Amino acid sequence: MTDSTHGIIFNIQRFAIHDGPGIRTTVFFKGCPLRCWWCHNPESHKILPEKFDGCNLRRGFDQSFSMDKDKVGMEISVDELMKEIIKDRIFYEESNGGVTFSGGEPLMQPRFLAELLKECRANGVHTSVDTSGYASTDILNKIADNTDLFLYDLKLMSDDDHQNFTGVSNQVILKNLNELNQLGKKIIIRIPIVPELTDTNENLMAIRGFVSYLNNVIEVNLLPYHRAGEGKYTKYGKENKMIKTESPTSKSMENIQQIFNDLKCKVKIGG
Ligand code: SF4
């Protein structure tokens with residue numbers, strides 16, 4: 001069940017330092033409408049908890065939570081989750097950190113997310129929403145009210161390529177990004193650098209062009225594809241279409257960084 005009191009998540013990572021500013025707790029929502037070829041979290045795709053043999057993706061949880069070794073995903077209440085989030089408030093305060101709602105796609109559980117954001121705001125916890133942007137504009141607008149920062153993915157500017165390699169059109173994603181910018185929300189753009197798919201000169205130049213018109217982008221993160229998620233495809237019996245793809249070299253990441261260097265905001269390799 002997912003509503004304003006309960007939702008489904010598959011992990012909580014404490015002391016995260018790559019999901020927004022400072023020290024953060026990252027909450028991974030289950031469910032994603034996209035199917036990116038390079039996804040590191042294929043176990044996040046379906047919204048409902050799934051049974052697998054011998055898995056335990058509840059690492060990072062407090063001992064007070066019961067463990068279920070064969071399941072990815074669990075239902076959790078807003079109250080339970082807020083208790084986990086609040087625990088590290090001292091670290092957020094000292095580092096200008098907070099909580100990041102990631103996934104999967106957090107906007108797939110809008111009522112649960114909205115309630116968590118409201119509670120975080122009431123408790124003075126800084127919030128980031130890490131999103132593909134693939135959701136109705138109405139939902140995004142409602143979520144934006146209590147969100148301090150968006151980590152917003154831009155993957156492929158050609159709509160055909162976007163459909164081929166993520167399974168969905170990029171039209172609503174680009175529209176929503178414009179919308180957030182007009183609302184004056186702070187945005188960090190995250191670009192997965194995937195050899196031969198997203199790292200073509202044409203695609204990166206098109207992203208740079210689009211971003212250059214947005215005045216609320218505070219940073220661009222270039223995220224090199226890595227093979228860390230590979231084992232999960234075998235483990236969860238999912239097809240891995242990236243089996244032969246290597247991570248980009250440091251040199252090629254530096255070259256890509258140059259493409260974005262004339263933007264007014266900070267451009268960083270990594271999150
Ligand atoms: S949007 Fe993120 S979680 Fe969803 S399929 Fe793409 S990489 Fe995976």
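Note that ligands are numbered from 1 as they come in the structure, with each ligand's atoms numbered from 1 the same way. In this text, all values refer to a predicted model and were calculated from it rather than measured experimentally.
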Give a yes or no on whether a salt bridge exists between [X] and [Y], defined as a side-chain N under 4.0 angstrom from a carboxylate O.
| X | Y | answer |
| --- | --- | --- |
| Arg121 | Asp148 | yes |
| Arg24 | Asp130 | no |
| Glu43 | Lys235 | no |
| Glu80 | Lys83 | no |
| Arg111 | Asp3 | no |

* **Protein contact for atom 2 (Fe) of ligand 1 (heavy atom, distance under 4.0 Å)** => no
* May I ask you to check whether Glu105 and Ser132 show a side-chain donor-acceptor distance below 3.5 Å? => yes
* To do: Mark the output for His45 as yes if a heavy-atom distance to ligand 1 is under 4.0 Å, and as no if none is.
  => yes
* Mark the output for Asn41 as yes if a heavy-atom distance to ligand 1 is under 4.0 Å, and as no if none is. => no
* Distance to 0.1 Å, residue and atom name: give those for the protein heavy atom nearest to atom 4 (Fe) of ligand 1. => Cys32 SG, 2.3 Å
* **Protein contact of atom 8 (Fe) of ligand 1 - nearest heavy atom, named by residue and atom, plus distance** => Cys39 SG, 2.3 Å
* Subset of ligand 1 atoms that lie under 4.0 Å from at least one heavy atom of Gly104 -> 3 (S)
* Asked: Is atom 8 (Fe) of ligand 1 less than 2.8 Å from an N/O/S atom of Cys36, whether that atom is in the backbone or a side chain?
  -> no
